[in-house]
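Read the structure below first, then the notes.
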Amino acid sequence: MSTTNDNPLYEELLKDYDTKLDHSGINGKRIAKRLVELSQIGFVQVGGVKRPGFSNEEKDAKVLVKKWMAEAGLTVSEDGAGNVTARLEGKNNHPAIASGSHVDSVPNGGNFDGPLGVLSALEVAESWKEEGYIPQKPYEVIIFSDEEGSRFNSGLTGSQAMTGAISEEEMAQLRDYNGDTLEQVLTHYGSTLGAFKAAGRDLAELELFVEVHIEQGKKLEIVNQPVGIVSGIAGPAWLAVEFAGEAGHAGNTPMIGRKDCLIAAAEFIQSIPQFPKTVSDTAVATVGKMDVFPNGANVIPEKVKLLVDIRDINEAPRDQLIDQLIEQAEKVAAKNDIHVTVKLNTRIQPVPIAKDLQKRLAISLNKFGISPTYIPSGAGHDAMNLGRFIPVAMLFVRSKDGISHNPKEWSSLNDCVMGIHVLKDFIQDAMKK
């Protein structure tokens with residue numbers, strides 16, 4: 001593995017960097033180095049990373065960031081769900097302003113989704129250290145565990161634990177890609193199920209949470225702006241659909257009378273695109289994961305498991321779409337004379353961003369000559385879980401070609417640092433309220 005200074009990612013980040021953005025204690029080279037160091041944990045040859053939630057790789061990434069947090073003068077702790085909180089005391093004993101994101105990734109994910117939000121929040125504290133600034137209120141930088149959901153096919157695990165939004169029943173149902181229970185995964189991670197259950201905190205301790213994230217879309221690129229304002233966060237719902245048929249020899253079993261569950265699954269998947277537009281202009285549904293059993297070239301499949309990711313920024317049409325897809329799965333199964341079971345793994349409420357917070361973000365953007373662009377987030381974020389209990393705000397940083405969850409994921413260092421300046425200004429303003 002190359003050192004940071006001769007790493008191609010580091011060289012690419014600094015290639016067109018405008019050093020005039022290095023002011024007010026914010027340092028672009030520091031951000032670039034840290035992005036690169038994180039990119040080497042769980043590195044995959046295609047250029048991205050693989051850091052599933054509660055994996056050794058996610059843990060190693062947290063250990064590295066915790067070192068940086070301590071060096072910045074923050075008091076660092078980790079709860080039983082693996083959520084890391086680094087705290088800087090303020091002049092007054094008020095509820096804290098908090099910011100952060102996650103460091104886990106999807107398989108072969110990019111280097112910006114999650115880490116940029118964590119490093120942006122930390123860079124605010126770094127800048128205060130350099131300036132000798134003591135905030136009026138306490139400030140917290142938070143790393144949430146298993147945001148992406150690649151571990152359990154049910155994301156936002158850490159923030160659900162922190163907010164108490166995960167039930168005993170949901171915990172009991174969680175199985176990872178190895179078939180391990182949540183308790184088994186936590187034991188391997190170095191925690192316990194009891195500690196996980198105790199991870200809920202008094203959210204009255206937090207006044208506001210603000211998250212920086214890459215856009216994962218093209219709107220900012222189209223309007224040529226580096227940073228935008230999130231107007232609302234879509235609530236994801238994940239349907240686990242299992243079609244069960246009857247295995248048979250591919251050569252000796254007649255076509256008539258087969259109970260081929262892969263045919264049914266394919267019919268169901270092909271029908272999905274017709275449904276979202278019937279409920280909302282912003283609703284979407286996607287099948288990105290499917291497993292076929294026994295997965296033999298000469299065997300008629302007897303079981304197919306798939307996940308349907310369903311989202312909208314409004315709850316009622318999202319839930320209507322869920323019902324439509326459950327009904328469709330049942331119709332397809334009946335037509336093909338096979339059995340289907342459908343389980344709702346995740347259903348999280350969409351979260352609107354308060355108009356007042358959007359206005360305050362717009363003021364911060366204007367200070368840096370950025371025209372405010374308002375963007376609904378189709379992706380789920382940890383801010384969504386916190387937003388059920390406390391005010392939340394979000395900033396998007398421009399994504400090249402809108403690519404995300406892909407090694408080609410890219411946000412220029414100029415845009416990343418500009419986002420940190422906006423974040424810092426917004427937080428410092430919130431400290432005065």
Side-chain angles (χ1 to χ4, degrees), residues 4-5 7 9-10 13-14 17-41 60-78 83-91 96-103 111-112 114-144 206 208-214 226-227 364 367-368 393-395 397 411-432:
T4 299
N5 288 341
N7 186 289
L9 174 60
Y10 184 68
L13 282 166
L14 290 181
Y17 180 60
D18 183 357
T19 56
K20 292 178 182 178
L21 292 172
D22 286 347
H23 63 84
S24 307
I26 293 172
N27 187 307
K29 185 174 286 189
R30 178 166 54 214
I31 293 296
K33 284 185 175 181
R34 288 177 171 178
L35 281 168
V36 170
E37 287 189 54
L38 284 173
S39 77
Q40 295 174 323
I41 300 174
D60 288 346
K62 289 175 184 173
V63 168
L64 179 59
V65 180
K66 285 195 289 186
K67 178 175 77 73
W68 296 332
M69 289 170 161
E71 291 170 353
L74 307 180
T75 302
V76 184
S77 61
E78 184 170 342
N83 298 312
V84 175
T85 300
R87 184 176 173 93
L88 178 66
E89 297 298 336
K91 293 179 181 178
I97 308 294
S99 184
S101 195
H102 62 97
V103 294
N111 295 308
F112 296 84
L116 178 60
V118 171
L119 297 181
S120 296
L122 179 55
E123 188 64 16
V124 171
E126 293 278 15
S127 72
W128 289 343
K129 179 182 177 184
E130 293 194 13
E131 293 180 313
Y133 172 85
I134 301 175
Q136 292 292 322
K137 302 172 184 177
Y139 177 62
E140 293 185 1
V141 180
I142 303 176
I143 307 173
F144 296 100
L206 297 178
L208 170 69
F209 178 78
V210 53
E211 183 171 357
V212 173
H213 204 279
I214 61 170
V227 185
S364 293
K367 287 180 183 179
F368 296 95
M394 280 195 75
L395 289 166
V397 172
S411 292
S412 75
L413 186 57
N414 287 332
D415 290 352
C416 293
V417 173
M418 187 62 79
I420 297 169
H421 280 293
V422 173
L423 175 68
K424 180 184 177 183
D425 184 83
F426 174 76
I427 289 174
Q428 289 186 174
D429 178 70
M431 293 289 181
K432 301 172 187 175

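Of all heavy-atom pairs spanning P226 and M418, the tightest one is CG-CG, 4.1 Å. For the pair L206 and A98, the tightest heavy-atom approach, listed with the atom from each and the gap, is CD2-CB, 4.0 Å. Across all their heavy atoms, S411 and F112 have their closest contact at O-CE2, 3.3 Å. Contact between L395 and G419 at its shortest, heavy atoms only, is CD1-O, 4.2 Å.
With sequence neighbours left out, A430 forms a side chain to side chain contact (heavy atoms under 4.5 Å, CB included) with I97, L208, R360. Shown here are the salt bridge (Lys or Arg N to Asp or Glu O under 4.0 Å) partners of R87, two or more places apart in sequence or in another chain: E89, E140. Residues meeting the salt bridge (Lys or Arg N to Asp or Glu O under 4.0 Å) test with K367, sequence neighbours left out: D425. For K29, the side chain to side chain contact (heavy atoms under 4.5 Å, CB included) partners are Y10, L14, N27, K33, not counting sequence neighbours.
Counting only residues at least two apart or in different chains, salt bridge (charged side-chain N to carboxylate O under 4.0 Å, His left out) contacts with residues 17-27 are absent.
Judged by distance alone, with hydrogens and angles left aside, the side-chain atoms of K424 form no donor-acceptor pair with the main-chain N or O of S127 at under 3.5 Å. Checking side-chain atoms of S120 against main-chain N and O of G117 turns up no donor-acceptor pair under 3.5 Å. Using modelled atom types, one side-chain atom of S99 and one backbone atom of V210 make a donor-acceptor pair closer than 3.5 Å.
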**Request:** Go through the steps for I420 and V212 under the test side chain to side chain contact (heavy atoms under 4.5 Å, CB included), then give the verdict.
**Result:** CA-CA 8 Å; I420 297 169; V212 173; over 6 Å; no

**Item:** Stepwise side chain to side chain contact (heavy atoms under 4.5 Å, CB included) test for L423 and V124
**Value:** CA-CA 8 Å; L423 175 68; V124 171; 3.8 Å; yes

**side chain to side chain contact (heavy atoms under 4.5 Å, CB included) between M431 and I427, worked out** = CA-CA 6 Å; M431 293 289 181; I427 289 174; 4.0 Å; yes

**Request:** Could you check V118 against L38 for side chain to side chain contact (heavy atoms under 4.5 Å, CB included), going step by step and ending with a plain yes or no?
**Result:** CA-CA 11 Å; V118 171; L38 284 173; over 6 Å; no

With a 3.5 Å cut-off and sequence neighbours excluded, list the donor-acceptor pairs that the side chains of residues 63-72 form with protein atoms.
| unit_1 | atom_1 | unit_2 | atom_2 | d |
| --- | --- | --- | --- | --- |
| K66 | NZ | E78 | OE1 | 2.8 |
| K67 | NZ | E71 | OE2 | 3.4 |

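Ring-plane geometry between W128 and Y133 is classed as tilted, the angle between the planes lying from 30 to 60 degrees on a 0 to 90 degree scale. Between F368 and H421, the two ring planes are tilted [angle within 30° to 60°].
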